[in-house]
Student: 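I'd like to ask you about the structure that follows.
Worth knowing before you read on, the calculation uses all heavy atoms, side chains too, and leaves out hydrogens, waters and symmetry mates. Predicted model, so just to flag it, every value in this text is computed and none were measured. Sequence lines set the chain letters: A, B, ... in the order given, protein chains first and strands last, and positions in each chain run from 1.
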Amino acid sequence: MSIFWLVLLGLAMGAVFGVALEKSRVMEPGVLVGQFQFRNFTMLKMFLAATITGLIALAVLNGLFGVALHPKSFALGPVLIGGLILGVGIALAGACPGTALAQAGAGYRDAYAVIAGGIAGAIFYGYNIDWIGAALSFGSYGKITFADLLPLPFWGLALILAAMLAAFLVVLERLVPWQADMDKAEALLEHDAVPAGRGYSAPAE
Amino acid sequence: MLSLSKRHWSPYVAGIVIGLLQIPAFLLVDTALGASSSFVTAGAWVASLFDAGVSDIAYFAKYMSADKYIWQSALVIGIALGAWLSARASSSRRATFSPAWTRLTGVTSLGSRLALGFVGGFVLLLGARIAGGCTSGHGISGMAQLAVGSTVAVAAMFAGGILTAALMKKI
């Protein structure tokens with residue numbers, strides 16, 4: 001595909017991604033951190049719904065049409081330590097790398113600081129990759145998937161996991177309805193400490 | 001159901017829409033959805049303004065030219081455009097920074113939030129690059145491919161996030 005079409009395709013797919021992140025409020029810092037405090041389950045629900053959809057889509061693409069998968073390597077040191085650092089960063093930034101862009105698009109000015117910090121972090125990693133990689137080089141197992149470990153084809157295991165995650169979501173939704181979390185997310189958009197802003201009008205005489 | 005002018009979509013609808021994006025990603029770009037690599041692409045170009053030798057560093061060089069990273073950089077710009085469009089169409093444009101930060105950390109000025117945001121962004125991408133992916137690449141895409149490493153990465157992300165959020169005020 002030429003660069004022109006790659007860019008156009010990326011922009012179009014990203015726009016769909018961005019609309020979904022804004023409409024679901026998953027890009028809200030209060031919703032992301034709220035998930036880590038078990039106060040709001042919007043992020044987990046969106047994340048698992050996307051995972052289930054991906055599992056089914058890839059079960060069909062790979063199982064029926066032989067489309068190649070691209071699982072990342074399992075290197076215990078990097079995914080464990082990197083994952084922990086990434087989690088700390090999500091809570092401090094109130095964003096993931098993708099949602100930081102959605103926040104900027106929706107109007108949050110602090111998202112630009114997150115993006116700038118992210119670019120600086122990526123540059124720092126690129127210049128220091130040798131010693132960081134050497135320090136974390138333990139436990140490398142290659143590009144393994146659970147389908148490699150179990151006597152099941154990828155498509156079969158993908159559909160089983162999709163069904164299990166869907167069952168979990170049904171139970172979770174019964175316990176915590178999404179609309180209630182959405183109302184909480186909406187309330188978080190209002191400043192309660194500072195009276196100026198939306199809905200505020202100066203008292204008459 | 002998928003109206004642009006509606007204020008909300010349920011997290012399930014949003015998740016299904018995002019999950020379906022794997023289909024064009026695999027069929028047309030031969031890769032999975034991801035976001036954090038684009039920060040290396042941006043970082044490599046920024047660094048090239050100060051350091052003429054950047055493209056000699058193998059890690060940076062591959063992110064500056066490979067097709068899938070060009071596609072991913074367009075994808076994240078598209079995310080910003082989509083969120084802008086969505087917020088505009090539903091009259092929910094945000095300003096300065098989320099009021100949730102005042103509740104979580106007590107910050108009231110944009111300046112202090114910018115400082116914490118920058119540090120957060122730095123830690124975020126440092127972690128994502130060490131892990132080799134973020135909530136999209138390891139999370140949504142890795143789990144959908146049953147990747148063992150991605151499952152460990154997601155568990156570690158939640159652990160790091162839960163521990164850090166526990167130090168903040170309850171929202």
Student: Side chain of B:Lys170, backbone of A:Gln37: donor and acceptor closer than 3.5 Å?
Tutor: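 Checking the backbone N and O of A:Gln37 against the side chain of B:Lys170, no donor-acceptor pair under 3.5 Å is found.
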
Student: Take a 6.0 Å sphere around OH of A:Tyr112 and say whether it holds more than 12 heavy atoms from other residues, nucleotides or ligands.
Tutor: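 No - once you tally the heavy atoms of other residues, nucleotides and ligands closer than 6.0 Å, there are 12 at most.
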
Student: Check whether B:Thr135 gets within reach of chain A through its side chain, its backbone, both or neither, counting any heavy atom under 4.5 Å.
Tutor: both

Student: Which bit of B:Leu167 comes within less than 4.5 Å of chain A, counting heavy atoms only: side chain, backbone, both or neither?
Tutor: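 It is neither, since no heavy atom gets under 4.5 Å.
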
Student: Decide yes or no for A:Gln35 and B:Phe158: does some side-chain heavy atom of the first lie under 4.5 Å from some side-chain heavy atom of the second?
Tutor: yes

Student: Answer with side chain, backbone, both or neither: which region of B:Ser37 has an atom nearer than 4.5 Å to a non-hydrogen atom of chain A?
Tutor: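 The answer is neither part of B:Ser37.
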
Student: Taking the side chain as every heavy atom from C-beta outward, state whether B:Asp67 and A:Ile3 have any pair of such atoms under 4.5 Å apart.
Tutor: yes

Student: In terms of heavy-atom pairs under 4.5 Å with chain A, which of B:Ala44, B:Pro11, B:Ala32, B:Ala131 leads?
Tutor: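 If we count pairs closer than 4.5 Å to chain A, B:Pro11 comes out on top.
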
Student: Are the side chains of B:Arg129 and A:Phe124 in touch, meaning some heavy atoms are under 4.5 Å apart?
Tutor: no

Student: Could you go through B:Ile162 and A:Phe38, starting from their C-alpha distance and side-chain angles, then the distance that decides it, and tell me whether this counts as side chain to side chain contact (heavy atoms under 4.5 Å, CB included)?
Tutor: CA-CA 9 Å; B:Ile162 289 167; A:Phe38 300 100; 3.6 Å; yes

Student: For A:Lys72 and B:Gly133, indicate whether the former's side chain and the latter's backbone hold a donor-acceptor pair under 3.5 Å.
Tutor: no

Student: Given that the side chain runs from C-beta out, which part of B:Leu110 has a heavy atom under 4.5 Å from chain A: side chain, backbone, both or neither?
Tutor: side chain

Student: If I measure from the heavy atoms of chain B, does A:Ile90 come under 4.5 Å with its side chain, its backbone, both, or neither?
Tutor: both

Student: Contact part of B:Ala89 toward chain A, heavy-atom cut-off under 4.5 Å: side chain, backbone, both or neither?
Tutor: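 B:Ala89 has no heavy atom closer than 4.5 Å to chain A.
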
Student: Below 4.5 Å from any heavy atom of chain A, which atoms of B:Leu4 appear? Answer side chain, backbone, both or neither.
Tutor: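 Looking at B:Leu4, backbone and side chain both touch chain A.
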
Student: Is the side chain of B:Gln22 donor-acceptor paired with the backbone N or O of A:Gly54 at a distance under 3.5 Å, no angle test?
Tutor: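 Side chain of B:Gln22 to backbone of A:Gly54, a donor-acceptor pair under 3.5 Å: no, none is there.
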
Student: Does B:Leu27 reach the side chain of A:Phe65, with side-chain heavy atoms less than 4.5 Å apart?
Tutor: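 No, every pair of side-chain atoms sits at 4.5 Å or beyond.
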
Student: Examine distances only and state if a side-chain atom of A:Lys23 and a backbone atom of B:Ser86 form a donor-acceptor pair shorter than 3.5 Å.
Tutor: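 Side chain of A:Lys23 to backbone of B:Ser86, a donor-acceptor pair under 3.5 Å: yes, one is there.
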
Student: Among the options B:Ser90, B:Gly120, B:Ser73, B:Ala74, pick out the one with the most heavy-atom pairs lying under 4.5 Å from chain A.
Tutor: B:Ala74

Student: Is the shortest distance from a Lys or Arg side-chain nitrogen in A:Glu22 or B:Arg94 to a carboxylate oxygen in the other one below 4.0 Å?
Tutor: yes

Student: Just checking, is any N or O donor in the side chain of B:His8 or A:Glu186 under 3.5 Å from an acceptor N or O on the other one?
Tutor: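 Short answer, yes.
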
Student: Measure B:Ile57 against the heavy atoms of chain A and call it side chain, backbone, both or neither at under 4.5 Å.
Tutor: side chain

Student: Who wins among B:Gly43, B:Ala100, B:Ser136, B:Ala80 for the most heavy-atom pairs under 4.5 Å with chain A?
Tutor: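 Greatest number of close heavy-atom pairs with chain A: B:Ala80.
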
Student: Counting the benzene-type ring for Trp, do B:Tyr59 and A:Tyr125 have ring centres under 6.0 Å apart?
Tutor: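 Ring-ring flag for B:Tyr59/A:Tyr125: true, centres closer than 6.0 Å.
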
Student: Heavy-atom cut-off 4.5 Å, strictly under: side chain, backbone, both or neither for B:Leu163 against chain A?
Tutor: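 It is neither, since no heavy atom gets under 4.5 Å.
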
Student: Does the side chain of A:Leu92 come within less than 4.5 Å of B:Met168's, by heavy atoms?
Tutor: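 Contact flag for B:Met168/A:Leu92 side chains = yes.
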
